[in-house]
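In what follows, a structure is listed as structure tokens, so that the remarks can point back to it.
Residue numbers run from 1 in the order of the sequence given.
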Amino acid sequence: MIKKTILLLIFSVILTSCVPYKQLEELGIINTRGVDVTENNRVETTIIAYQFDAQNPQITTSITGVGKTIKGARENAGYNTNFELSPGQIRLELYGKETAEEGILEYLSTLVRDARVSDTMLVAISNITANEVLTVGQEELNTDVGQIIQSLIEKEVREYSIPKTSLQNFLHIEADIGQDPVAPIIGLRNNKPAIVGIGAFSNDKLVGELHIDQAFLINTFLTNVKGTPMEVSLPREPFLDFIFNNETNSMQPDKLEDKEHLTILVRISKGKGDITLKNIDDLHFEANVHLEVDLYETSELLGVKNEKIAAILEEEIEKEFMRQYDELLAKLQEMDSDPLGFGGIYRTKKKGERLTDTEWREKYPNITVDFNVNVDLMHYGTIQ
């Protein structure tokens with residue numbers, strides 16, 4: 001028994017010594033990758049990589065390469081550095097606008113086939129080229145621009161302002177007949193990266209851009225939202241009797257009655273939407289949304305001390321959200337994008353042959369939806 005144990009230890013040492021390894025100082029660990037397709041249909045990849053070089057104070061560097069494939073472009077980028085580029089830590093894949101409009105499934109499939117790439121990797125779109133967002137942002141911030149973009153996206157996801165945007169989520173929704181994915185759009189503001197909108201897809205192709213607030217409207221049907229801050233613009237007229245005049249500090253109709261809107265800042269403490277198919281022949285749906293709202297701030301000093309003003313606020317917020325949902329649906333139908341998943345609900349009710357993507361694309365522009373929003377104002381007071 002002792003001899004067998006000794007032999008086992010010897011073989012373990014021998015086999016371990018045969019495992020290839022790389023010194024960390026020899027590697028460039030890819031953290032972020034941008035993908036653009038050039039005019040001659042070649043792939044340009046912009047890489048943000050960690051480099052562990054004691055002689056260089058900059059821990060991240062940007063490298064660009066061109067090839068016929070993603071891996072070929074990465075190999076080409078490797079000619080520009082003395083580090084061996086390793087994709088094992090990619091946390092963000094950023095696609096240029098024109099590339100996303102042509103379709104990104106082939107690039108996502110490459111990532112899925114790489115066992116080193118995590119399913120939680122983030123997917124995002126740029127409103128210009130991915131190269132410009134990453135290189136300009138890297139130069140301006142003089143730090144890891146990829147990490148900055150990741151933090152921006154993760155913050156909005158935590159606040160439920162935008163839907164989850166991981167590789168796994170995107171591919172799961174894209175493969176599901178009757179629903180389309182969305183992804184955050186990254187642009188530059190003062191040469192610094194920022195989330196400037198939300199990209200709507202039809203299958204894997206980018207077909208349009210939505211306002212960032214519309215991402216929240218979509219998210220209410222994808223998950224239980226909570227803790228989401230939001231500015232809401234309401235008609236001012238219903239609140240005239242409750243607006244304080246700052247000069248006299250008394251409640252009276254404000255003299256500036258020509259102002260049309262009152263802006264409030266609310267926090268959606270809880271929110272959830274559900275969709276039902278009311279008439280399959282007429283493609284008539286009903287979408288119900290329930291929101292619990294805390295009032296944090298108003299653009300003018302507003303007295304909120306009784307149930308009457310609270311009821312007015314709830315009613316006006318409901319009307320505004322219903323207007324926004326109607327506007328969102330019209331825009332999505334025009335784009336031929338269905339992130340709310342009406343097609344998936346229709347598919348579960350449809351009898352006979354399985355629903356095809358082509359069939360739903362033909363039906364989607366003709367659906368009608370009754371949006372009903374119920375708002376409960378949970379916390380309020382005398383707000384300014």
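A 4.5 Å side-chain heavy-atom check between K319 and P235 finds every atom pair outside the cut-off. Residues I149 and T32 form no side-chain contact, since every pair of their non-hydrogen atoms from C-beta on lies 4.5 Å or further apart. Counting heavy atoms from C-beta on, the side chains of L206 and Y95 never come closer than 4.5 Å. I195 is listed as a side-chain neighbour of I186, based on a closest heavy-atom distance under 4.5 Å. With contacts defined as side-chain heavy-atom distances shorter than 4.5 Å, the pair K350/W360 does not qualify. Using a 4.5 Å heavy-atom cutoff, the side chains of F201 and I125 are in contact. In this structure the side chain of F239 never reaches within 4.5 angstrom of the side chain of E300, judged on heavy atoms. A 4.5 Å side-chain heavy-atom check between V37 and Y107 finds at least one atom pair inside the cut-off.
Expressed to the nearest 0.5 Å, how far CD1 of I128 lies from CD1 of I185 amounts to 12.0 Å. Taking CD1 from I317 and CD from E314, the interatomic distance works out to 7.5 Å, rounded to the nearest 0.5 Å. Taken to the nearest 0.5 Å, the OG1 atom of T99 stands 9.5 Å off from the CD1 atom of I104. To the nearest 0.5 angstrom, L108 atom CG is 6.5 Å from M121 atom CE. Atom CG of D144 sits about 9.0 Å away from atom OG of S151, to the nearest 0.5 Å. Taking CD of E320 as the reference point, atom OG of S233 lies at 6.5 Å (rounded to 0.5 Å).
Under the 3.5 Å distance criterion, the side-chain polar atoms of D180 are matched with a main-chain donor or acceptor of N203. A donor-acceptor pair under 3.5 Å links the side-chain atoms of N279 to the main chain of D281, judged by distance alone. Side-chain atoms of N219 come within 3.5 Å of backbone atoms of Y160 as a donor-acceptor pair (strictly under, hydrogens ignored). Of the possible donor and acceptor atoms, none in the side chain of D36 sits under 3.5 Å from a partner among the backbone N and O of T129. Between the side chain of T223 and the main chain of V225, no donor-acceptor pair closer than 3.5 Å is present. Not a single donor-acceptor pair under 3.5 Å links the side chain of S337 to the backbone N or O of L332. The backbone N or O of A183 lies less than 3.5 Å from no partner atom in the side chain of T165, so there is not a single donor-acceptor pair.
Across all non-hydrogen atoms, the minimal contact from L94 to A130 is O-CB, 3.4 Å. The shortest heavy-atom contact between L291 and G271 is CD2-CA, 3.8 Å. Taking each heavy atom of S126 and V133 in turn, the nearest pair found is CB-CG2, 3.7 Å. Heavy-atom minimum distance, T46 versus L134: O-CD1, 3.8 Å. Scanning both residues, E359 and R354, for their nearest heavy atoms gives OE1-O, 4.2 Å. Residue P184 comes nearest to I153 through the heavy atom pair CG-CD1, 3.9 Å, listed as atom of the first residue, atom of the second, then distance.
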*asked:* Under the criterion side-chain contact (heavy atoms from CB on, under 4.5 Å), I'd like the reasoning laid out for V43 against V66: C-alpha separation, chi angles, the key distance, then a yes or no.
replied: CA-CA 6 Å; V43 177; V66 179; over 6 Å; no
*asked:* Go through it in stages, so that I can follow the logic: the residues are I243 and R236, the test is side-chain contact (heavy atoms from CB on, under 4.5 Å), and I'd like the CA-CA distance, side-chain angles, deciding distance and then a yes or no.
replied: CA-CA 9 Å; I243 295 175; R236 191 168 180 272; 3.8 Å; yes
*Please walk me through it: do L122 and E154 pass side-chain contact (heavy atoms from CB on, under 4.5 Å)?*
CA-CA 9 Å; L122 301 177; E154 288 168 351; 4.1 Å; yes
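For the residue pair N40/T38, the side-chain donor-acceptor check at 3.5 Å is satisfied. Looking at Y325 and T220, their side chains do bring a donor and an acceptor atom within 3.5 Å of each other.
Residue pairs meeting the side-chain hydrogen bond (donor to acceptor under 3.5 Å, both in side chains) criterion with at least one partner in residues 326-336, sequence neighbours excluded, are R323-E327. Sorted by first and then second residue, the side-chain hydrogen bond (donor to acceptor under 3.5 Å, both in side chains) pairs with a member in residues 263-277 form an empty list; sequence neighbours excluded. For the side-chain hydrogen bond (donor to acceptor under 3.5 Å, both in side chains) condition, the pairs that include at least one residue of residues 167-179, sequence neighbours left out, are S166-N169, D176-R347. Applying the salt bridge (Lys or Arg N to Asp or Glu O under 4.0 Å) rule to pairs touching residues 92-109 yields R33-E93, sequence neighbours excluded.
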Pairs under 3.5 angstrom only: tabulate donor-acceptor contacts from the side chains of residues 207-218 to other protein residues two or more places apart or in another chain.
{"unit_1": "H211", "atom_1": "ND1", "unit_2": "D213", "atom_2": "N", "d": "3.0"}
{"unit_1": "Q214", "atom_1": "OE1", "unit_2": "H211", "atom_2": "N", "d": "3.0"}

Taking only distance into account, with no hydrogens and no angle test, what donor-acceptor pairs under 3.5 Å do side-chain atoms of residues 368-378 form with protein atoms, sequence neighbours excluded?
{"unit_1": "D370", "atom_1": "OD2", "unit_2": "H284", "atom_2": "NE2", "d": "2.7"}
{"unit_1": "N372", "atom_1": "ND2", "unit_2": "N288", "atom_2": "OD1", "d": "2.9"}
{"unit_1": "N374", "atom_1": "OD1", "unit_2": "H290", "atom_2": "NE2", "d": "3.3"}
{"unit_1": "D376", "atom_1": "OD2", "unit_2": "H290", "atom_2": "NE2", "d": "2.7"}

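The cluster map of Ile, Leu, Val, Met, Phe, Trp and Tyr, joined by side-chain heavy atoms under 4.5 Å apart, puts I173 and Y346 in different clusters.
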